[in-house]
Amino acid sequence: MKKIAVLTSGGDAPGMNAAIRAVVRRAIYNDLEVYGVRHGYVGLMEGDFIKMELGSVGDIIHRGGTILRSARSEEFKTVEGQQKAIKQLKDAEIDGLVVIGGDGSFMGAGKLTEQGFPTIGVPGTIDNDISGTDYSIGFDTAVNTVIEAIDKIRDTAYSHERICIVEVMGRNAGDIALWTGLTSGAESILIPEATYDFDDVMNRIRHGQERGKMHSIIVVAEGVCSGEELKKEIKERSNLDTNVIVLGYLQRGGSPTAYDRMMASRMGGKAVDLLIEGQKGVMVGWKNAQLVSPSFEEAAKGKHKINLDDYDLARSISI
Ligand code: F6P
């Protein structure tokens, strides 16, 4: 292994830069040449490579987003697209690739390995929905960003005695909603992994009102429904007015927390070590507080599980 490349793909996540830095510096430390691929798989198919030096990743550990840029590509899902990418990698005499992204990106990474190109995945998505790992880079920062926003929303909700619905990201996973709902004291949390009941949401609001608490925060994961849909449902059932706040891309930006920088550094460094060892078709994961490296197939078999004990706990203490 002499030359490797690194790319970021899918939705950006805080800590991706810290992971790129770890990959580049760990590779150079091991006398490898490193190339950055711009714009994810789109750039890979176009051969948009830049040589990375120690200084190329200076002053980025604290920055959100990704200096390599990211993209989603339909063409790369085709065999032709994958072969185009492999040709670019071979023409540039690159021997291994690190893909930092979510499960969609890992699917692509798995295809490259199947077609003979050694690829390693590093989990990076705020959704924390990747199977094969308990943690994905960006989740902690996103959770902290969301609770900072909810704390502010709560001040207004309290002062004006309003009911606020906060819609958070997560695609089909409820991790962001559960963590932020529990840690911000939301009165109701709606996640796709648990059966939700609109009447229960209203009962919890009424229960609060009966004891003089007129404000309420409801956190809804985008995988359940939109904040606007929930608002409509509540209005139809109870005639209660609610305010909807969609946090959107705010959740994907910002300086990564210490935890995200740490995990990104560990995982990025491990990805390079795995390539040097001759591993391919595996992802770096975090299980039981340890780095692990399941194959993409093995990881895909198990579904990422949310902690439903935390959900029960939230329901019992946030009333
Ligand atoms: O995967 C991260 C994520 O931010 C999801 O939470 C969200 O559903 C999706 O990406 C939004 O993606 P896009 O970049 O296409 O708007």
Side-chain angles (χ1 to χ4, degrees), residues 7-20 38-43 63-77 99-110 121-150 165-181 189-193 219-230 244-257 260 263-264 267 283-286 296 299-300 303-306:
L7 63 81
T8 48
S9 166
D12 66 334
M16 278 186 165
N17 279 328
I20 296 168
R38 284 187 289 218
H39 303 111
Y41 289 127
V42 174
R63 281 174 55 191
T66 158
I67 56 161
L68 291 176
R69 313 292 197 277
S70 194
R72 301 189 197 272
S73 166
E74 283 307 311
E75 188 187 352
F76 188 71
K77 291 182 184 156
V99 171
I100 306 168
D103 50 6
S105 311
F106 287 181
M107 219 113 82
V122 169
T125 164
I126 62 164
D127 300 340
N128 203 35
D129 62 347
I130 305 180
S131 50
T133 183
D134 293 341
Y135 191 77
S136 69
I137 299 163
F139 177 67
D140 186 59
T141 309
V143 164
N144 278 285
T145 302
V146 172
I147 58 168
E148 202 184 318
I150 297 180
I165 297 172
V166 184
E167 179 193 314
V168 299
M169 282 184 164
R171 205 184 295 266
N172 299 318
D175 292 58
I176 297 178
L178 179 54
W179 274 67
T180 57
I189 304 169
L190 275 70
I191 57 171
E193 295 86 348
V219 175
V220 59
E222 65 177 355
V224 170
C225 65
S226 72
E228 284 300 334
E229 282 162 342
L230 183 57
V244 177
I245 300 101
V246 181
L247 295 179
Y249 291 140
L250 188 86
Q251 298 160 91
R252 289 220 307 233
S255 178
T257 58
D260 271 325
M263 293 306 285
M267 290 176 163
M283 62 172 278
V284 179
W286 184 250
F296 290 128
K303 211 175 142 0
H304 173 77
K305 285 191 194 76
I306 199 163

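Nothing here was measured: the structure is a model prediction, and the numbers come from that model. Start at 1 and go down the list; that is how both ligands and their atoms are numbered.
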### Message
Quiz question: by atom type and distance under 3.5 Å, do the side chains of D140 and T257 form a donor-acceptor pair?
### Response
yes
Item checked: Residues V220, V168; criterion side chain to side chain contact (heavy atoms under 4.5 Å, CB included); working and verdict -> CA-CA 6 Å; V220 59; V168 299; over 6 Å; no
Next on the checklist: If only side-chain N and O atoms count, and only distance matters, is there a donor-acceptor pair under 3.5 Å linking D12 with T66?
Outcome noted: no
Separation between CG (D127) and CZ (F139), nearest 0.5 Å, reads 9.5 Å
Near ligand 1 (heavy atom, under 4.0 angstrom), the protein residues are R72, T125, D127, M169, G170, R171, E222, Y249, R252
Start with the C-alpha distance between L190 and L230, add both sets of side-chain angles, then the distance that settles side chain to side chain contact (heavy atoms under 4.5 Å, CB included), and finish with yes or no.
CA-CA 10 Å; L190 275 70; L230 183 57; 4.2 Å; yes
Next item on the list: Would you indicate whether the side-chain heavy atoms of F106 and P123 approach each other to under 4.5 Å?
Entry: yes
